[in-house]
Amino acid sequence: MANACASHSRTDWRRVLPASPPAPSAPPPLPPPPSDARSIPHALDDTLRSLLLSPHPPDDATATLRLRSALASFEVVRKGLHPSADDRGVRPIHLPLLAASFARVAAGGAHAAPPAAARLARLLLACARAFLVEFHAARALCLTLALPPPLLAALHPSPPSDPPLAVDGFAATADGAELRRLAACLLRSGVGCSAAPLPHSPLLAAAEAEARALLAAGGLRPSVVKRRGAARQVRRCEDPQRRGDVVRWLDGADADAPALSALTQWLRNELMATLREACAAAPPRHNSGAGRAPVLLLEPSRNLPLAMLACYPAGGTRFHRHVDNDPSTPDTRAVTAVLYLNGGWEPSDGGCLRIYGAPIADHPKAQRTAAAEPYLEVEPRLGTLALFWAHRVEHEVLPAYAPRFALSMWMCVAADQPEGWMDS
C-alpha cells in the first residue's frame with residue numbers, strides 16, 4: 001500500500017479540491033463529546049459526520065476548531081495537543097486517532113455524494129495543515145475517494161505561499177528508489193548514506209531556518225546521556241564533556257516549526273515504511289551483524305516515533321564515540337536515521353559523523369585510523385541522510401566549529417522484547 005500511495009504522489013491531489021464554501025451566518029452548534037475515554041472513536045466519528053453531512057457546512061477553520069475541541073475534551077489527548085514546556089516530547093495520539101476516524105467515516109459512505117467527497121478531501125487537507133492528521137494519512141485516504149471528473153478537470157497549481165506542511169514534500173521521493181537503495185545498504189553492511197534523499201526539496205532550507213530560529217530563541221535544551229546506576233537502574237544526566245549538543249524533541253505536530261514537522265512526518269512514514277519493506281523482503285540472516293532486529297522490526301509497534309532536533313553550537317562541541325543503544329543501558333532502538341540541515345557547510349566547520357566498524361572496510365570512501373581501524377566520515381551537508389543499526393554501530397560526532405544541525409529518528413522494536421534481543 002505504501003508503494004501504491006507513493007506512486008501517486010507525483011499528482012498533487014490538493015489541486016482537485018474546490019475552494020471552501022462560504023461560511024453560513026450561524027452554523028448549528030455541535031454537542032460536546034462524552035467524557036468516557038472509551039467513547040473517543042464514536043465521538044470523533046459523530047463530529048465528523050455532522051461536519052460533512054450538515055446542510056450548512058462550516059468553513060474549514062471552524063471545522064478544524066470543532067475537531068480540535070472534540071479531541072481536547074479528553075484528558076488522554078489534551079496533553080498531546082497542548083504540551084507543557086517541561087515535556088521532553090509528547091506522543092501526539094490525536095494524529096492516528098483522527099486519521100482512523102476519517103477512514104471509518106469514509107468507509108461508512110459519508111462521502112458517497114460528490115459534494116460530500118469533495119468536502120471530506122478538503123477537510124482532510126485542512127486538518128493536515130492544522131496538525132490534526134499526518135499528511136501521509138490524508139493523502140492515502142484522498143487517493144481512495146471517487147472524486148467526479150469535473151473536479152479532476154479543475155486542476156490548478158498550488159500557490160507558492162502555501163505553508164511548508166501543506167506542500168507535498170514527499171513528491172521528491174515518488175519512486176522511492178533512493179530510499180530503497182539506502183535500506184539495502186543498511187541490511188547489507190549495517191550503514192547507508194545518501195546525499196540526495198529529498199532532492200530540491202524546499203522543506204530542507206525551511207527546516208534549517210526554523211532550527212536556527214529555535215536555537216536563537218533558546219528553544220533547545222542540553223542533552224543527556226544514559227548511565228547504569230546502582231541496582232541496575234538507568235539514570236539520565238548531562239555530561240557536556242562527553243556530549244555537547246542541545247536538543248528539542250519533535251512529534252510532527254509542532255505548529256511553531258511546520259517544516260521540521262513535515263520532515264518528521266516524512267521520516268516516520270516514507271522512510272520507516274521503506275525500511276520495513278526491505279526487512280520483509282530480505283532473506284533470513286541477510287545481515288547477521290544486526291541480530292534479530294530485521295525480523296523484530298516487522299512486528300507491530302504502538303509507538304509513534306519522535307524526532308530529535310540536535311545542534312552542536314560550535315566551540316568544539318562533540319559527542320564522543322558511542323553506540324546509541326548500548327547493551328549496558330538497553331532500550332528498544334534498532335535503526336538510527338540522521339538527516340542533516342546545514343546549508344553552506346564547509347570542512348572547516350567540522351561536526352562530521354565518524355562511523356566505525358569492519359563492514360564498512362570495503363566502502364570506497366573508507367579510511368583507517370592509526371591503529372588500522374576502518375571508519376567512514378559523513379559530511380553533515382544539507383539533505384544528507386545516514387542510516388545505521390542503533391544497537392551495533394559505534395560512531396562519534398567530531399568537534400563542531402560552527403552550529404551543526406541534524407534531525408534524528410529511531411526505528412524501534414516492540415517494547416516487550418526479552419532481555420538480550422540485541423545479541424541473538
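- Pairing each heavy atom of Ala337 with each of Leu271, the nearest pair is CB-CD2, 3.7 Å.
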Check the pair Glu134, Arg268 against salt bridge (charged side-chain N to carboxylate O under 4.0 Å, His left out), reporting the backbone distance first and the verdict last.
-> CA-CA 10 Å; Glu134 289 193 297; Arg268 188 156 58 207; 2.7 Å; yes
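- Listed for the Arg276 side chain is a donor-acceptor partner under 3.5 Å among the backbone atoms of Leu297.
- Residues Glu178 and Ser194 share a closest heavy-atom pair of OE2-OG, 2.5 Å.
- Qualifying salt bridge (Lys or Arg N to Asp or Glu O under 4.0 Å) partners for Asp45, counting only residues two or more places apart in sequence or in other chains: Arg104.
- With sequence neighbours left out, Arg248 forms a salt bridge (Lys or Arg N to Asp or Glu O under 4.0 Å) with Asp254, Asp256.
- Of the inter-residue distances, the one linking Leu260 atom CG with Phe405 atom CZ reads 10.0 Å to the nearest 0.5 angstrom.
- Residues Leu385 and Leu267 share a closest heavy-atom pair of CD1-CD2, 4.4 Å.
- Partners of Asn342 by side-chain hydrogen bond (donor to acceptor under 3.5 Å, both in side chains), not counting sequence neighbours: none found.
- Arg321 is linked by a salt bridge (Lys or Arg N to Asp or Glu O under 4.0 Å) to Glu373, Glu394, counting only residues two or more places apart in sequence or in another chain.
- Under the side-chain hydrogen bond (donor to acceptor under 3.5 Å, both in side chains) criterion, Thr336 pairs with Asp324, Trp410, sequence neighbours left out.
- A distance-only check finds no donor-acceptor pair linking the side chain of Asp349 to the backbone of Ala402 [under 3.5 Å].
- Rounding to the nearest 0.5 Å gives a distance of 12.0 Å between CG of Leu309 and CE of Met409.
- Here Glu270 contributes atom CD and Leu263 contributes atom CG; the two are 12.0 Å apart, rounded to the nearest 0.5 Å.
- Partners of His322 according to the ring pair (Phe, Tyr, Trp, His ring centres under 6.0 Å) rule, which considers only residues two or more places apart in sequence or in another chain, are Phe319, His395.
- Using a distance-only test at 3.5 Å, with no hydrogens or angles considered, no donor-acceptor pair links the side chain of His391 to the main chain of Thr332.
- A donor-acceptor contact shorter than 3.5 Å is absent between the side chain of Thr62 and the backbone of Pro58.
- Residues Asp60 and Arg122 form a side-chain contact, since some pair of their non-hydrogen atoms from C-beta on lies under 4.5 Å apart.
- Closest of all the heavy-atom pairs between Ala386 and Leu353 is CB-CD2, 4.2 Å.
- The closest side-chain donor-acceptor pair between Tyr356 and Glu396 falls under 3.5 angstrom.
- Shown here for Arg181 and Cys193, the closest heavy-atom pair between the two residues is NH2-O, 3.0 Å.
- Contact of the Thr384 side chain with the Trp345 side chain is not registered, since no non-hydrogen atoms from C-beta on lie closer than 4.5 Å.
- Rounding to the nearest 0.5 angstrom, the gap separating the OG1 atom in Thr64 from the CG atom in Leu71 is 11.0 Å.
- Residues Leu215 and Cys311 share a closest heavy-atom pair of CD2-SG, 3.6 Å.
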Dump the intermediate steps for side-chain contact (heavy atoms from CB on, under 4.5 Å) on Asp245 and Leu220, then the final yes or no.
-> CA-CA 9 Å; Asp245 59 335; Leu220 279 69; over 6 Å; no
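- Rounded to the nearest 0.5 Å, atoms OG (Ser223) and OH (Tyr312) are 6.5 Å apart.
- The closest donor-acceptor contact from the side chain of Arg243 to the backbone of Val224 lies under 3.5 Å.
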